[in-house]
Amino acid sequence: MSETRKPRAVEEGDLIARVRAAARQEQFLEVVSPEEARARFERHLDLAPLPGETVTLADARTRALCGDVIAPVDAPPFDRSNVDGFALRAADTVGASEGNPKIFVLNAEVIACGHVPALTVMPGTCTAIATGGVIPRGADAVVMIEQTELIEEGHPRVELRRAVSPGQFVSHAGSDIARGETLLRRGTRIGAREIGMLAACGLDRIEVVRRPRVAVISTGDELVEPGRPLRPAGVYDSNGAIIAAAVAEAGGEPILYGSLRDDAAVLEKTVREALAASDMVVLSGGTSKGAGDLSHRVVSQLGKPGILVHGVALKPGKPLCLSVVGDKPIVVLPGFPTSAIFTFHAFAAPIIRARAGLPPESAETINARVPVRITSELGRKEFVLVSLIEGDQGTIAFPTGKGSGAVTSFSQADGFIEIDALASALNADSDAQVTLIGSSARAPDLVIMGSHDVALDVIVGALVEQGLSARVLAVGSLGGVGAIGRGECDVAPVHLIDPASGQYNKHLVGTGMSLVAGWRRMQGILFRPGDARFEGHSAKEALKIVLEDSSALMVNRNAGAGTRVLTDKLLDGARPAGYANQPKSHNAVAAAIAQGRADWGIAIEPVAKLYGLGFLPVSPEHYDFLVADSRRERPGVQAFLAALRDERVRARVRALGMEPES
Ligand code: AMP
Ligand code: MG
């Protein structure tokens, strides 16, 4: 997959055929419900745990126990002292008090750890013993050294001024682990605690379920292995890595095949090899419209029973394909990363867990309010990823989806809600049940919702260094204004100009919030270095040139963006080519110019630097923070405000090309 692909033109006859293939409608055998899909698949599969294998304790971590473990020994193995003191007979202490101390003759032995006691404790005597020492024969209690007085004249004796009961400061043999008890149960996933228990019983090896070997294969001409330079039109193969990691988390052993070209012969050869070498094959990509259904075609030729499901009424994840060859499952996941990982968890992970001997993952759910309306396609069960936020009136679930092509949606979400196949929307302010993803969902110390900026990451980084957690949701300036007004966040970063006054952000301040100054970001015209229409000119001159040059293509910004307001002001009614191209971020503008999809656009200076573009300054914009008054005293908010004033943090912000406000 390392050969370089030169752009090439398509022969004319070929072109029509290719366009037809690319525009082909999705051809699924039959779209079935997720429940039906799972039932059909599992009917052909053996879901019993794989046979066991014996491994050392060091290798046992994360594995599932094959059978119950019966404790072969007691722990502690003997009656043991819990303190430093003297072992004696409790009966001899009866009646001891301040006014009536009892005297014990000290036996000629000191019981340290690992020492086998030689002398019996006779009535009226005691033996010095260390924490962890073996209780000597005859003794049934230990008194702490602090509660005694040593009499050194004559034969050494010990004076005691209080009575003790039998068993005081003694841990009896088997009180921790009793020989013959069931120490660990079959199917338990072994972690540090379990390893400790096994070692305490003297076990150095243990029988665990063999891990199912799962072949992970990515397909797509566009895929580039992480670690290599990205070529034009290339996309990093993220599915391979995330699926392999998810296989391991589900108890399987991933076998990585990397990414393959969209070539039926290559794919077939590799899948056949993978089938022979593993217990299960997981492919991603090559299933959706336009891909020519490559994976599906190849998988359908591999043997019986063959493809059981192709098309599931599920969003994301419709193009999923489930197949079985012999007794080995083949799962073809959709290529888009969010779809791929969702369908992996829904259809592949349960099988891996079952074969690995692990119990089904228990889905923890909580109730939350969904503040915004979410539309949904009729006829498909839809999963919507959400972030959880502690609002003024209980937990809020905020949809975070960036579309099924996003890699970060799944990783950054706290959970998901399900929208029934028969519903066309979930109304704003509905109550919903959220299935949590991962177990460590904890409310963050600080919730920031609004416009994102790279220097904001510096502030958040400073909080993280202090052990605080912050959740940042990039919902745009206007989204942030709405969220803070509804009590959904602590801080809303904004940068909107008031067209009436020309001032930034002041007009956004509502009741119960205040404006805290952030930093200025220089906005200007971005262009590819060397472009004579811009190089060496002022922004004003360059603008005049491109407005008269019909071949100059601009890239605009979305309505509502502060930069768009500036752009419209500069254009003063002109509508140059490319005006309708309105991406939502500075980065998207820079990428379009860097890749030659546009020639110029307006964005901030740090982004121009990041993409190696030329920059003609126009005017600064102010990036400030709306802070909720009712939450200002919270530690997270206080730390945020302190970080804004911290000189070291400000220096880092400056290094990114922003000018902190004084
Ligand atoms: P496909 O199912 O092959 O048509 O792919 C659908 C989309 O998912 C395309 O945008 C692909 O670039 C993307 N995609 C497919 N495989 C991967 C992968 N392994 N890693 C990241 N993106 C992928
Ligand atoms: Mg593909």
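Order of appearance sets the numbers: ligands from 1, and atoms from 1 within every ligand.
- For ligand 1, the atoms sitting less than 4.0 Å from at least one non-hydrogen atom of D237 are 18 (C), 19 (N), 20 (N), numbered in the order shown with element in parentheses.
- Of the charged side-chain nitrogens involved, none lies within less than 4.0 Å of a carboxylate oxygen, so that D279 and R211 do not count as a salt-bridged pair.
- Taking any N or O of F336, backbone or side chain, at least one lies under 3.5 Å from an N or O belonging to ligand 1.
- The aromatic rings of F416 and F383 sit perpendicular, their planes meeting at an angle over 60°, well past the 30° parallel limit.
- Exactly one of V607, V589, L526 qualifies for a side chain to side chain contact (heavy atoms under 4.5 Å, CB included) with L613. That residue is L526.
- Looking at S218 against ligand 1, only its side chain comes within 4.0 Å, counting heavy atoms.
- Residue-to-ligand polar distances place G335 within reach of ligand 1: an N/O pair is separated by less than 3.5 Å.
- Note: an N/O pair closer than 3.5 Å links G286 and ligand 1 by distance alone.
- Of all heavy-atom pairs spanning V434 and A368, the tightest one is CG2-CB, 4.0 Å.
- The Y236 neighbourhood of ligand 1 comprises atoms 20 (N), 21 (C), with distances under 4.0 Å to a heavy atom of that residue.
- Under 4.0 Å is where a charged nitrogen must lie from a carboxylate oxygen, and between R40 and E30 at least one such pair does.
- Remark: ligand 1 atoms within the under-4.0 Å shell around heavy atoms of S238 are 20 (N), 21 (C).
- Applying the salt bridge (Lys or Arg N to Asp or Glu O under 4.0 Å) rule to pairs touching residues 585-600 yields R528-D599, R533-D599, sequence neighbours excluded.
- For the pair R38 and F41, the cation-pi criterion (under 6.0 Å, within 45° of the ring axis) is not fulfilled.
- Within the structure, the closest approach of G220 to ligand 1 does not fall below 4.0 Å when heavy atoms are considered.
- Of the candidates L333, L294, L260, N239, the one placing a heavy atom closest to atom 18 (C) of ligand 1 is N239.
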